[in-house]
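Only one structure is covered here, and it is reproduced in the block below.
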Amino acid sequence: MTAPWLKTLDEIEGSDLPLVGGKAFNLATLRRHGLPATNGLVVTCAFFEAHLRYHQYMPIWAGSPDVAVTEGALLWLADALKISPISPELMDALSAGLAETSPGVEAFAVRSSAIDEDTSKHTFSGIHVSELGVPRELVPVSLSRCWASALSKPALEYRRQHGIPIQSIRLAVLIQPFIQPVVAGIAFTMNPLSGARDEIVIEATLGHGSSVASGEITPARYHLSKHSPDYALLDWTPGDPPQLTNANKTRHNTSLVSNGRDPLSACQLQRLAQYLEHIEALMGAPQDVEWAITGQTLEEDDEIFFFQSRPITGLPQDAVPFDVTWSRADYCEFLPDTSSPLCASLLERTQAKALSFFERLGFKVDEVGPYLKMIYGRPYLNLTLARRLLAQSGLSP
């Protein structure tokens, strides 16, 4: 069966990662489990390869018995892609896909989603192009620039440094309706500097979060305790003052800028932290998340959206995905305070079958250990696993 040229996020299935790339696949996972991420159209790797075939670029990209793939050739191809028109057949498909998924939308966010991007080992952070506010008629141009960025010198150098092949670099692109946020930024479900797994770090600025991700400004930074329901504020720094233009001053209540804990209120921090803990439990590892809040003012009922979730890279090799939390809450109702050797043995022998049962139901239960553990002769429940199962069921952990 021929791979589809286009897929919406809601059409992506578990086997589609090699077709849609890490960014789109992760967002599809969030949507499938009820988390707020806008739907979008994925221009798949099959579309990209059809474009290469139309212009007879395949030997340069994939090589042949007579042509070796070189960095120089791919740099030439990157420039050629920027000026190579998309074939009429592909253009018709793209226009129809946008009309169906985003009727009436006039501005889009166009983001690269390479196959080996946003994984636990490689993120290509800041290398592949993402363009915001792209007019509908310029989406094909932005699409070509996203493709070219994955064959650019910084991208090829990143691949060389990390031992990633440069032959047949597979590219997908995610196109979503452009959202004008009141406040946006990035967040980490652990402290990426100290390695503390019981903290959540949120960075925020008024307006778009792209300036935070690119390092152009110093954002407001909040350190929260990863303990629901309060998520106590441990530390914060105000960051740079926001640069409000005449065009966006009406969107922001400028009196809120300097009250010490803006641009986010305590309620918004709590809501974000709840979502972030849910995302980490769902994705199975500490996450680097791009988020935004929309609305006319910084109010508690504004909507939160997520645009990216990827594993935090650069963690120690021996680091585990979670600090597992163990609990005896409510155990006294159905288990003895101190188990007999026979009872403890029976409990431990059920581990493999129980985890296998969860896997047959479609849950991901790897890397979080057994669901039950004997500690000083007493049974403890793996709350981390319980939260993960709830998250994958579409419930709040």
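This is a predicted model, so every value here is computed, not measured.
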Rounded to the nearest 0.5 Å, what's the gap from [atom1] on [X] to [atom2] on [Y]? Could you check?
X    : Y    : atom1 : atom2 : result
L264 : L269 : CG    : CG    : 5.0 Å
L174 : I12  : CG    : CD1   : 8.0 Å
I169 : I164 : CD1   : CD1   : 9.0 Å
S142 : I175 : OG    : CD1   : 8.0 Å
H278 : E280 : NE2   : CD    : 12.0 Å
S225 : D235 : OG    : CG    : 13.0 Å

Any residue meeting side-chain hydrogen bond (donor to acceptor under 3.5 Å, both in side chains) with [X], in chain and number order, not counting sequence neighbours:
X    : result
S356 : R360
S102 : none
E49  : R170

Quick check: do [X] and [Y] have side-chain heavy atoms less than 4.5 Å from each other?
X    : Y    : answer
P85  : Y54  : no
L81  : L77  : yes
L98  : R136 : yes
S84  : Y57  : yes
P311 : M283 : no

Co-membership, hydrophobic cluster, residues [X] and [Y], 4.5 Å side-chain:
X    : Y    : answer
W236 : I200 : yes
L90  : M58  : yes
I304 : L282 : yes
V105 : I179 : no
Y275 : L233 : yes

Smallest separation among heavy atoms of [X] and [Y], with atom names:
X    : Y    : value
P4   : T44  : O-OG1, 2.6 Å
A204 : Y222 : CB-CE1, 4.3 Å
Q176 : L9   : NE2-CD1, 4.0 Å
L17  : I115 : O-CD1, 3.5 Å
L171 : A114 : CD2-CB, 4.0 Å
I60  : V69  : O-CG2, 3.8 Å

Requested in this report: With side-chain hydrogen bond (donor to acceptor under 3.5 Å, both in side chains) as the test, would you mind laying out the steps for Q287 and T189 before giving the verdict?
Outcome: CA-CA 5 Å; Q287 296 291 295; T189 63; over 6 Å; no
Query - ring-ring contact (aromatic ring centres under 6.0 Å, His included) contacts touching residues 84-107 (sequence neighbours left out) - result: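 Qualifying pairs, neighbours excluded: none.
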Query - Pair Y231 and H227, ring centroids less than 6.0 Å apart - result: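 Y231 vs H227: aromatic centres not under 6.0 Å.
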Query raised in the report: Would W147 and F48 count as a close aromatic pair, with their ring centres under 6.0 Å?
Result: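 Yes, they do, as the ring centres are separated by less than 6.0 Å.
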Return the set of residues passing salt bridge (charged side-chain N to carboxylate O under 4.0 Å, His left out) with [X] (not counting sequence neighbours), or none when no residue passes.
X    : value
E157 : R160
R32  : none
E199 : none
D10  : R31

Requested in this report: Before giving the answer on side-chain contact (heavy atoms from CB on, under 4.5 Å), spell out for V134 and V141 the whole-Å C-alpha distance, their side-chain angles and the decisive distance to 0.1 Å.
Outcome: CA-CA 9 Å; V134 179; V141 177; over 6 Å; no
Under 3.5 Å donor-acceptor, [X] side chain and [Y] backbone:
X    : Y    : value
H51  : F47  : no
S152 : A148 : no
S149 : C146 : yes
R159 : P165 : yes
Q308 : V289 : no
R145 : K82  : no
S113 : V20  : yes

Query raised in the report: Among I202, D288, L193, whose side chain to side chain contact (heavy atoms under 4.5 Å, CB included) with F188 holds?
Result: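 Option passing the side chain to side chain contact (heavy atoms under 4.5 Å, CB included) with F188: D288.
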Requested in this report: For side-chain contact (heavy atoms from CB on, under 4.5 Å), just list the numbers for T70 and W76, CA-CA rounded to whole Å, side-chain angles, deciding distance to a tenth of an Å, and then say yes or no.
Outcome: CA-CA 10 Å; T70 65; W76 179 91; over 6 Å; no
**Report entry** Carboxylate-amine/guanidinium proximity below 4.0 Å for K226 and E277
**Finding:**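 Salt bridge flag = no for E277 with K226.
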Report task. Would you please classify the geometry between the F305 ring and the F307 ring as parallel, tilted or perpendicular, with 30° and 60° separating the classes? Result ->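 Geometry flag for F305 against F307: parallel rings.
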Query raised in the report: Please, which pairs that meet salt bridge (charged side-chain N to carboxylate O under 4.0 Å, His left out) have at least one residue in residues 11-20, sequence neighbours excluded?
Result: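 Those involving residues 11-20 are K7-D16.
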Requested in this report: Not counting sequence neighbours, list each pair that qualifies as a salt bridge (charged side-chain N to carboxylate O under 4.0 Å, His left out) and has a residue in residues 68-78.
Outcome: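 Sorted pair list comes back empty.
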Query raised in the report: Who passes side-chain contact (heavy atoms from CB on, under 4.5 Å) against K153, sequence neighbours left out?
Result: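 With neighbours one apart ignored, the set is L75.
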Query raised in the report: With P135, which residues qualify under side-chain contact (heavy atoms from CB on, under 4.5 Å), at least two apart?
Result: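 Per chain and number, P135 pairs via side-chain contact (heavy atoms from CB on, under 4.5 Å) with E137, L138.
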